[in-house]
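Here the structure is a predicted model, which is why all the values come from computation and not from measurement.
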Amino acid sequence: MSEELKFDRRRFISTAAIAITAGPLAMTGSANAQTVKTQAAGNNLIKSGTNTSFGTIKQINAGLLNVGYAEAGPANGPAVILLHGWPYDIHSFVDVAPLLAAEGYRVIVPYLRGHGTTTFLSAGTFRNGQQAAVAEDIIALMDALKIQKAILAGYDWGARTACVIAALWPERCKGIVSVNGYLINNLERNKQPLPPIAERGWWYQYYFATERGRAGYEANRHDFNKLIWQTVSPKWDFDDATFDRTAAAFNNPDHVNIVIHNYRWRLSIAKGESRYDALEKRLAEGPVITVPAITLDGDSDGVAPATDGTSYAKKFSEKRTHRIIKGSGHNLPQEAPKAFADAVIEVDGYAK
């Protein structure tokens, strides 16, 4: 789940949740002008759940992985890479991808490490969930697919990955769409305590910090993750078939190791790999993102209450718009596919 929601944002989390009920906002950020709007997810021209499958899943060796991915749209179209979070998979974009393909984009939707048909090429590779490792996976995938530059769009782990790539490799990124804003992790800041209401939202991280938590997730990952879906998207009336399509991705043999390492690493109770130290040092400095961006929040997000986006405005130096999507929870692209696809198309226009 999204964690690095900017320290002051998280510290005033309850205030932000109340503020959203006031309706549409408009303000100017200190770093760049940003329009904050409220858009109703119910106005989508495509209903969530219209599509259920991507069809054929492709496989390609890329870096440390054999990556499973869905592809849609013309092979010569401008590239868009859609990045899912936890506990989710590529089906978060099952309605987004056809919308973008119809607009002429080449859409790539990969399973992140530890999910679906993405597997490690070597049994000896450390099952690492830290942010730099996941971001390098996507750079390696772009290289394997001969994609020099792409729009990167995601939520949760996927939004963090988009932010990391935009910060470290801006030459590979035409623009980003990031749900919940600037999500780059700072391990020292993560050590700071939060108010009880905020700590309660991250309960599963502390559970995962224990061996009981690892064993519990291994044994109960289906029901555990369904509970997370219900908690973080309280207004999303998904059915069992929708959840079960995604739940199949959690049967990946590396899933538990990747998830547990990700959250333990964030709490500094599990080490990362030295190969990523230089990248993590740069990320710890809170680098400014120098590509166009659209940041989104769902006004019904059960773990990351919506804000006006100003707390991290200075982290974006190019044009950025922040938008709040009514009725959407944490899995915003699957709950509000038209709003998410529109954001991708809009940020592409910023980059032209």
Short question: side chain of [X], backbone of [Y] - any donor-acceptor pair under 3.5 Å?
X	Y	result
Trp229	Pro87	yes
Asn252	Asp254	yes
Gln59	Thr117	yes
Gln131	Ile184	no
Asn186	Ala284	yes
Thr161	Ala135	no
Arg214	Ile260	no
Arg221	Ala219	no
Ser178	Gly181	yes
Glu335	Ser233	no

message: Can you classify the ring geometry of His330 versus Tyr88 as parallel (below 30°), tilted (30 to 60°) or perpendicular (above 60°)?
response: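 Judged by the thresholds at 30° and 60°, the geometry between His330 and Tyr88 is tilted.
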- prompt: Once the angle between the rings of Phe243 and Phe238 is folded into 0 to 90°, is it parallel (under 30°), tilted (30 to 60°) or perpendicular (over 60°)?
  reply: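 The arrangement is tilted - the two ring planes meet at 30° to 60°.
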Would you call [X] and [Y] a side-chain contact if the rule is heavy atoms closer than 4.5 Å?
X	Y	answer
Phe250	Val259	no
Leu112	Ile138	yes
Leu279	Glu136	yes
Leu83	Trp157	no
Leu283	Gln130	no
Phe93	Val107	no
Arg127	His261	no
Pro333	Leu82	no

If hydrophobic clusters are built from ILVMFWY residues whose side chains come within less than 4.5 Å, do [X] and [Y] share one?
X	Y	value
Ile176	Val288	no
Leu121	Val67	no
Ile139	Ile60	yes

How long is the gap from [atom1] on [X] to [atom2] on [Y], to the nearest 0.5 Å?
X	Y	atom1	atom2	value
Arg172	Ile81	CZ	CD1	8.5 Å
Asp137	Leu65	CG	CG	4.5 Å
Trp265	Leu187	CH2	CG	4.5 Å

message: Checking side-chain polar atoms at under 3.5 Å, does Asn331 have a donor or acceptor matched by the opposite partner on His84?
response: no
message: Pairing donors with acceptors under 3.5 angstrom, does anything connect the side chains of Asp95 and Thr50?
response: no
So, using ring pair (Phe, Tyr, Trp, His ring centres under 6.0 Å) as the criterion, who are the partners of [X] when residues are at least two apart?
X	answer
Tyr69	none
Tyr350	none
Phe224	Trp203, Tyr207, Phe208, Tyr217
Tyr276	none

I'd like to check the salt bridge (charged side-chain N to carboxylate O under 4.0 Å, His left out) partners of [X]; sequence neighbours left out, ordered by chain and number.
X	result
Asp277	none
Lys149	none
Asp223	none
Glu171	none

- prompt: Who are the side chain to side chain donor-acceptor pair (under 3.5 Å) partners of Arg245, not counting sequence neighbours?
  reply: Thr242
- prompt: Does Lys58 have any side chain to side chain donor-acceptor pair (under 3.5 Å) partners at least two apart in sequence or in another chain, and if so, which?
  reply: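 Expected list: Glu71.
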Thr307/Asp297 under side chain to side chain contact (heavy atoms under 4.5 Å, CB included): CA gap, chis, key distance, verdict: CA-CA 7 Å; Thr307 74; Asp297 280 327; 4.0 Å; yes
message: Taking the six-membered ring for Trp, are Tyr155 and Phe340 closer than 6.0 Å centroid to centroid?
response: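 They do not qualify: ring centres at least 6.0 Å apart.
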field: Aromatic ring proximity, centroids under 6.0 angstrom, Tyr204 and Tyr263
entry: yes
- prompt: Under the side chain to side chain contact (heavy atoms under 4.5 Å, CB included) criterion, do Glu103 and Val80 qualify, and how do the steps go?
  reply: CA-CA 11 Å; Glu103 294 294 325; Val80 175; over 6 Å; no
task: Take Tyr312 and His322 through the side chain to side chain contact (heavy atoms under 4.5 Å, CB included) test and state the conclusion after the steps.
output: CA-CA 11 Å; Tyr312 48 79; His322 181 71; 3.3 Å; yes
Identify the heavy atoms of [X] and [Y] that sit nearest to each other, and give their distance.
X	Y	value
Ala166	Ile289	CB-CG2, 3.8 Å
Tyr182	Pro287	OH-O, 2.7 Å
Leu183	Arg160	O-NE, 2.8 Å
Ile258	Arg113	CG2-O, 3.7 Å

message: Under a 4.0 Å threshold between the charged nitrogen and the carboxylate oxygen, would Arg264 count as salt-bridged to Glu211?
response: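 Counted as a salt bridge, because a side-chain N and a carboxylate O are separated by less than 4.0 Å.
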- prompt: Would Asp299 and Lys235 pass as an ion pair if we require N to O under 4.0 Å?
  reply: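 No, this pair does not count.
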For Lys146, side chain to side chain contact (heavy atoms under 4.5 Å, CB included) partners two or more places apart: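 Expected list: none.
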message: Could you go through Tyr206 and Leu267, starting from their C-alpha distance and side-chain angles, then the distance that decides it, and tell me whether this counts as side chain to side chain contact (heavy atoms under 4.5 Å, CB included)?
response: CA-CA 9 Å; Tyr206 309 117; Leu267 294 176; 4.1 Å; yes
- prompt: For atom CG of Asp237, is the number of surrounding heavy atoms from other residues, nucleotides or ligands below 6.0 Å larger than 12?
  reply: no
Residue pairs, two or more places apart or on separate chains, that pass side chain to side chain donor-acceptor pair (under 3.5 Å) and touch residues 281-291: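 Listed by first then second residue: nothing to list.
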task: Determine the sole option in Val291, Val347, Asp348 for which the side-chain contact (heavy atoms from CB on, under 4.5 Å) test with Lys174 is passed.
output: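 The side-chain contact (heavy atoms from CB on, under 4.5 Å) with Lys174 is passed solely by Asp348 among Val291, Val347, Asp348.
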